[in-house]
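Note that the structure is predicted; figures quoted are calculated from it, not measured. The residues of the chain are indexed from 1 along the displayed sequence. What you see below is based on every heavy atom in this structure, not just the backbone, and it leaves out hydrogens, waters and symmetry mates. Atoms within each ligand, like the ligands themselves, are counted from 1 in listed order.
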Amino acid sequence: MNKENFINELKKLNISITEEQIRMLDIYADFLIEYNKHTNLTSLTELNEIYLKHFYDSLTIVKAIDFTKVNTLLDVGTGAGFPGMVLKILFPNIEVTLLDSNNKKIIFLQELSSKLQLSNINFYHGRAEEHCLKYREHYDIVTARAVSNLIVLSELCLPLTKIGGYFIPLKGANTSEIQEATNAIKKLGGTIEEIIKFSLPYENSQRNIIKIKKIANTLSIYPRRYDKIIKYPLK
Ligand code: SAH
C-alpha cells in the first residue's frame, strides 16, 4: 500500500488526514526503518508494508469508536507504537499513554515523540499488571494489538478500563479465542458489545476488532501475578 492508497483507504474509514499528519507519519516510518537497523522493533522493513500493516491496520480501530470524543487512551504492549502512537498523531485531542515492558521500545517512542513535538502523551516502561497499582479503572479506552491471547489480555487490560469505557483488542482471524474468553471477560466486569469483522485491503487477511464495554468494577484480586495468569487462565 503506497501513500496515495493509504490516504484513499483512510477516506473510506471517514478519516480526513491533514498535510501535517501525513508529514508526521513520513517521519515516523523513516525513523522506524532507520532505528530498526540497529534495534529490533518490527519485522516489517518495507515502507509500503509499514503503511498497510502498521499505520492503516492501527487506524481500522475507528470502526469501533468515535475517537474525536475520547479523553484518555492506554495502549498496552504498544511495541513500536501500534496502535497507540498512530492514534495520537491522527487524534491529537486524546491523552495517550504508551506502555511496554521492553524499554528499548519506550526509548524509541520517546525519541520519536520529541521529533514530532507531541504533547499530552505519556510513556511507561513496565508491565500492565504493575500499571494497575496506580491506574486502576483510569482509562476511557484501553487498546492492545498482538500482545497475548484474549483471556490473558482481558485480565491485563480490563482492570485498567474505566466503568463505561471500552477495552478494544485488535485481533486476527481466530474467532474461537473470543468464544473461550467470553466468561473471563464477564468475571472481569466486561461484556462483548460488538465484534467487527473485516479483511485488510490489498492482502485480504482477516481481522476482528472486539469492542468490550466495562460495565462493573473488576474485583481487586485481578490482575493476578503474570505466572498465575498464564498457568491458570480464567474460565
Ligand atoms: N502492539 C505492537 C507490539 C506487539 S509485540 C504491535 O502490534 O506491533 C507485543 C509487545 O507487548 C512487546 O513489545 C512486549 O514487550 C509487550 N508486552 C507483552 N506483555 C506485556 C505486559 N504484560 N505488559 C506490558 N507490555 C507487554
Practice item. Would you mind listing which atoms of ligand 1 come within a distance below 4.0 Å of any non-hydrogen atom of K105? Key: 12 (C), 13 (O)
Practice item. Just say parallel, tilted or perpendicular for the rings of F67 and F91, cut-offs at 30° and 60°. Key: tilted
Check your understanding: Is the number of heavy atoms from other residues, nucleotides or ligands under 6.0 Å of E20 CD greater than 12?
Key -> yes
Practice item. Classify the angle between the aromatic ring planes of F55 and Y28 as parallel (below 30°), tilted (30 to 60°) or perpendicular (above 60°). Key: tilted
Practice item. For a side-chain hydrogen bond (donor to acceptor under 3.5 Å, both in side chains) with K162, tell me which candidate from N71, T72, D140 qualifies. Key: D140
Review point. Does the pair D75/K88 count as a salt bridge with the N-to-O cut at 4.0 Å?
Key: no
Study note, to complete from the structure: Logged contact type for E129 with ligand 1, heavy-atom cut-off 4.0 Å, is side chain
Check your understanding: To which protein heavy atom is atom 15 (O) of ligand 1 closest, and what is the distance rounded to 0.1 Å?
Key -> D100 OD1, 2.6 Å
**Study point:** Cationic tip of R127 above Y226 ring, under 6.0 Å, 45° of axis
**Key:** yes
Check your understanding: In ligand 1, which numbered atoms sit nearer than 4.0 Å to a non-hydrogen atom of N102?
Key -> 15 (O)
Exercise for review: Could you tell me the residue and atom name of the protein heavy atom closest to atom 7 (O) of ligand 1, and the distance to it rounded to 0.1 Å?
Suggested key: R145 NE, 2.6 Å
**Study point:** Identity and distance of the protein heavy atom lying nearest atom 18 (C) of ligand 1
**Key:** V147 CG1, 3.8 Å
Practice item. Run down the list A146, A128, P83, A144 and name the one with the heavy atom closest to atom 9 (C) of ligand 1. Key: A146
Practice item. Note the single closest protein heavy atom to atom 26 (C) of ligand 1, along with its residue, its atom name and the distance in Å. Key: S101 OG, 3.4 Å
Point to revise | Which residue and heavy atom of the protein sit nearest atom 11 (O) of ligand 1, plus the separation | key: G77 CA, 3.3 Å
Review point. Above 12 or not: heavy atoms from other molecules or residues under 6.0 Å from NZ of K186?
Key: no
Practice item. Would you mind listing which atoms of ligand 1 come within a distance below 4.0 Å of any non-hydrogen atom of G79? Key: 3 (C), 13 (O)
Exercise for review: Check L170 against ligand 1 and report side chain, backbone, both or neither, counting heavy atoms closer than 4.0 Å.
Suggested key: neither
Practice item. Determine whether the aromatic ring centres of Y35 and H38 lie less than 6.0 Å apart. Key: yes
Check your understanding: Just checking, any donor-acceptor pair under 3.5 angstrom between side chains of Y135 and Y124?
Key -> yes
Review point. Counting both backbone and side chain atoms, is some N or O of H54 under 3.5 Å from an N or O of ligand 1?
Key: no
Review point. Under a heavy-atom criterion of less than 4.0 Å, does T78 contact ligand 1?
Key: yes
Practice item. Considering the heavy atoms of G126, write down every atom of ligand 1 situated less than 4.0 Å from one of them. Key: 23 (N), 24 (C)
